[in-house]
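Each remark here refers to the structure printed beneath this line.
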Amino acid sequence: MTNAEIAKLLRHVAAAYIIKDESKYHFQVVAYQKAADAIENSTSEVKDLAHENRLESLPGVGPSIRGYLEELVKNNSVEHFNKVLSNVPEAMFPLLDIPSFGPKKAFKLVNYFELGDKKTVIEDVKKLALKGEIAKLDGFGDKSQADMLQAIGEFELGVNKTSRMVLPFASEIADKLIEYLEKSSDVKKVFPLGSLRRKKETIGDVDVAVATNKPKEVLDYFVSYPLKERILEKGDATASILISGGKHIDLMVQPPEAFGSLLQHFTGSKEHNIKLREYALKKGLSLSEYGIKRKEKDDKLEQYDDEVKFYHALGLDWIPPEIRENQGEIELAASHKLPKLLELKDIKGDFHLHSSFPIEPSHDMGVDTMETMIEKAHSLGYDYLGFSEHNPSQSKHTAKQVYEILKKRSNKIEQLNKSNKSIRVISLLETDIMPNGDLAIDNSSLDLLDATLVSIHSVFSMSKVEMTKRVIKGLSHPKARILTHPTGRLLNQRPGYELDWREIFAFCKSEKKILEINAFPSRLDLSDSLVKQAIDHGIKLVINTDSHAVDQMSLMRYGVDVARRGWATRDDILNAQEYNTMIKWLLP
DNA sequence: GCCGTTTTCGGCCCGACTGTTTTCAGTCG
């Protein structure tokens, strides 16, 4: 079972408890929903966590739910869940996938109209609504019946199922909207928040906050955004619109004097905010987007125009948005022990660059010359770079021909280093790891290089055990120093292959091998959570752009975002080091 | 059912918005 399926199952259990007796089971409901959230957000599979005995590392998973999850992984079913679920009609569950349908509404409909078939229940509800039957029910009316049809219609079109956007795509949507909002003189400040501010690799909804003294005017202006398809809701402090492609944009407004608390609230994550409010509550403080209420002062509201002051008022250091995920950051902020996260300006080089040098590669070539890329590196303030074109194709060349091509390239790089003193050029390559674990070129050719990056570009469909063996064998070659795009995933396109990370981490640690964070926006692997695990294992990382064109060298910031979300400091990152330190790590 | 800088027992985040209602229930983030 996938994490998404498991999370859904837990939500169904929570829904069943709500129907059974909401007040009696209120805290079980909350607990199951919290656990479902954690599993949905986890980038480790529950299956793997269970095998590694790490299920309780998920916040919200305690002894009971851990036990049930272990049972689920082992038997594919859980006795306790089945018992709870057997008390409610199963036909209500498909309705819960439709936005605006919750357990109460779904149960009421299924129960009253005696809908028994979970395969047809959505169609059945639609027919009843079209006949006007639902509006007659207690607690329903014409408007809610019409809304229901709208929701079902959009659900069937897949409007709400659209995949999450990669970060640059969401940024573009936000930038356009912000440009529009800034044209209004009532808008004092405007910021993209939510997962966009936390720099998550993919973004669901676009969240934007505005500081204004005229909330009504700003909200009116917002909902008349030209790219709007439909207004989802609009109140005194928030509004939501739908734009084409089924993307939601949420806007929140506050006066400038409360903007700090609004930033904090709307940046999230939900898990961070819940934990933060629980933490504050123990100190007699109640937090909201409006500010802080102190029990000892009769719940008088204190406003904060600035987010730093808001955190300080709780006795906490300001927490960078990228790590607000309830991973222990609140405790560390309280003891003033938060790590100093890596910054873009710390980056001094890039080791994954595909130039247009005619290397006759096995995969795609770069489009810009080495000289152009060096010039760009200079303008980015780098001290060094490494060229790492794909190895010459094996099928089209003899070993001797491969050697000759690489010999020419070595000479070229030697020349570049002589003529260009400001940027040091390292001679690298991106060499394929073949299915049997051998590298794609022979030792005499590899000896021409300072070192090589290695990666998987073919035969992805191997078992986890086989793939782990393959990667470790490839990485074992003394010239192999960096494993590039270590999971092979393409966001929204393919999931990547599976590796036994505990084995990979142990190997990299003992053999001093380096893992790449690939900054290309559709890759971004290692993922944030694997970065954190790698760092906990004491492994060094490198952030590379994998540029095939000179403009792509500016994508470095997306890799830095991932590193920050994985709690990386400057000390963890190879290409954030001075040349002399870097070269000792890279070529030990 | 989870969790610990007041606790291994006794608490449990905080609010917005909509529709159907005359003060609230349900859903969402």
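- With DNA chain B read from its 5' end, the first of the two nearest nucleotides for A:Ala106 and A:Ser288 is the one closest to A:Ser288.
- Sorted by first then second residue, the ring pair (Phe, Tyr, Trp, His ring centres under 6.0 Å) pairs that include residues 261-294 of chain A, not counting sequence neighbours, number zero.
- Remark: the separation of the C1' atoms in B:dT8 and B:dC2 is 12 Å, to the nearest Å.
- Using a 4.0 Å heavy-atom cutoff across all strands shown, A:Asp37 reaches no nucleic acid atom at all.
- With hydrogens and angles disregarded, a donor-acceptor distance shorter than 3.5 Å links the side chain of A:Ser171 to the backbone of A:Leu167.
- The glycosidic torsion of B:dT22 lies more than 90° away from 0, placing the base in the anti range.
- For the C1' atoms, the distance from B:dT18 to B:dG1 is 31 Å, rounded to whole Å.
- Residues of residues 214-236 of chain A that place a heavy atom closer than 4.0 Å to DNA chain B, in numerical order, are A:Glu233, A:Lys234, A:Gly235, A:Asp236.
- Nucleotide B:dC2 is matched to B:dG11 when pairs are restricted to Watson-Crick or G-U wobble geometry with both distances under 3.5 angstrom.
- Salt bridge A:Arg197/A:Glu307: present, at least one basic N to carboxylate O contact under 4.0 Å.
- Taking the C1' atoms as reference points, B:dC12 lies 13 Å from B:dT7, given to the whole Å.
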Compile the donor-acceptor pairs under 3.5 Å between side chains in residues 205-217 of chain A and protein atoms, sequence neighbours left out, one pair per line.
from, atom 1, to, atom 2, distance (Å)
A:Thr212, OG1, A:Asp186, O, 2.8
A:Thr212, OG1, A:Lys214, N, 2.9
A:Lys216, NZ, A:Asp220, OD2, 3.0

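- Residue-environment remark: NZ (A:Lys118) stays at or below the threshold of 12 foreign heavy atoms within 6.0 Å.
- In this structure a side-chain-to-backbone donor-acceptor pair under 3.5 Å is missing from A:Asp525 to A:Asn518.
- Of the listed residues (A:Arg565, A:Arg523, A:Arg489), just one forms a salt bridge (charged side-chain N to carboxylate O under 4.0 Å, His left out) with A:Glu201, and that residue is A:Arg489.
- Residue pairs meeting the ring pair (Phe, Tyr, Trp, His ring centres under 6.0 Å) criterion with at least one member in residues 55-79 of chain A, sequence neighbours excluded, are A:Tyr68-A:His80, A:Tyr68-A:Phe81.
- Relative to the six-membered ring of A:Tyr225, A:Lys228 misses at least one condition, a distance below 6.0 Å or an angle of at most 45° to the axis.
- Between A:Glu70 and A:Arg66 there is a salt bridge, since at least one side-chain N of the basic residue sits less than 4.0 Å from a carboxylate O of the acidic one.
- When heavy atoms are screened at a 4.0 angstrom cut-off, A:Lys270 is found touching no nucleic acid atom at all.
- For DNA chain B, the contact window with chain A, defined by any atom under 4.0 Å from a protein heavy atom, covers B:dG1 to B:dC28 in 5' to 3' order.
- Salt bridge status for A:Glu325 with A:Lys532: absent, with no side-chain N to carboxylate O gap under 4.0 Å.
- Within the 4.0 angstrom heavy-atom criterion, only backbone atoms of the sugar-phosphate kind lie near A:Tyr68; the bases stay farther away.
- B:dA25 and B:dT20: their C1' atoms are spaced 9 Å apart (whole Å).
- A:His80 comes within 4.0 angstrom of sugar-phosphate atoms only, judged by non-hydrogen atoms across all strands, and of no base.
- Ring geometry, A:His537 versus A:Phe505: the interplanar angle falls from 30° to 60°, so the pair is classed tilted.
- Note on A:Ile274: a base of the nucleic acid sits closer than 4.0 angstrom, heavy atoms only.
- Within the 4.0 angstrom heavy-atom criterion, no nucleotide atom of any strand lies near A:Ser240.
- Both A:Met252 and A:Gly139 sit near DNA chain B, but only A:Met252 has its closest nucleotide nearer the 5' end.
- Among the heavy atoms of the strands lying under 4.0 Å from A:Leu281 are primed sugar atoms or P, OP1, OP2 only; no base atom is included.
- Residue contacts for A:Phe140: at a heavy-atom cut-off of 4.0 Å it reaches the sugar-phosphate backbone alone, with no base atom in range.
- Within the 4.0 angstrom heavy-atom criterion, no nucleotide atom of any strand lies near A:Val29.
- At the heavy-atom level, A:Phe266 lies nowhere under 4.0 Å from the strands shown.
- Note that CD of A:Glu45 and CD1 of A:Ile39 are 10.5 Å apart. Values are rounded to the nearest 0.5 Å.
- Within residues 187-210 of chain A, no residue has a heavy atom under 4.0 Å from DNA chain B.
- Residue contacts shown for A:Lys293 are limited to sugar-phosphate atoms, with no base heavy atom under 4.0 Å away.
- To the nearest whole angstrom, the two C1' atoms, one in B:dC17 and one in B:dT23, are 16 Å apart.
- Straight-line distance between the P atoms of B:dT6 and B:dT22: roughly 44 Å, to the nearest whole Å.
- On the P atoms, B:dG26 is 13 Å away from B:dT21, given to the nearest whole Å.
- Nucleic acid contact for A:Glu289: sugar-phosphate only, since backbone atoms but no base atoms lie under 4.0 Å from a heavy atom of the residue.
- Comparing B:dT5 with B:dC13, their P atoms are spaced 16 Å from each other, to the whole Å.
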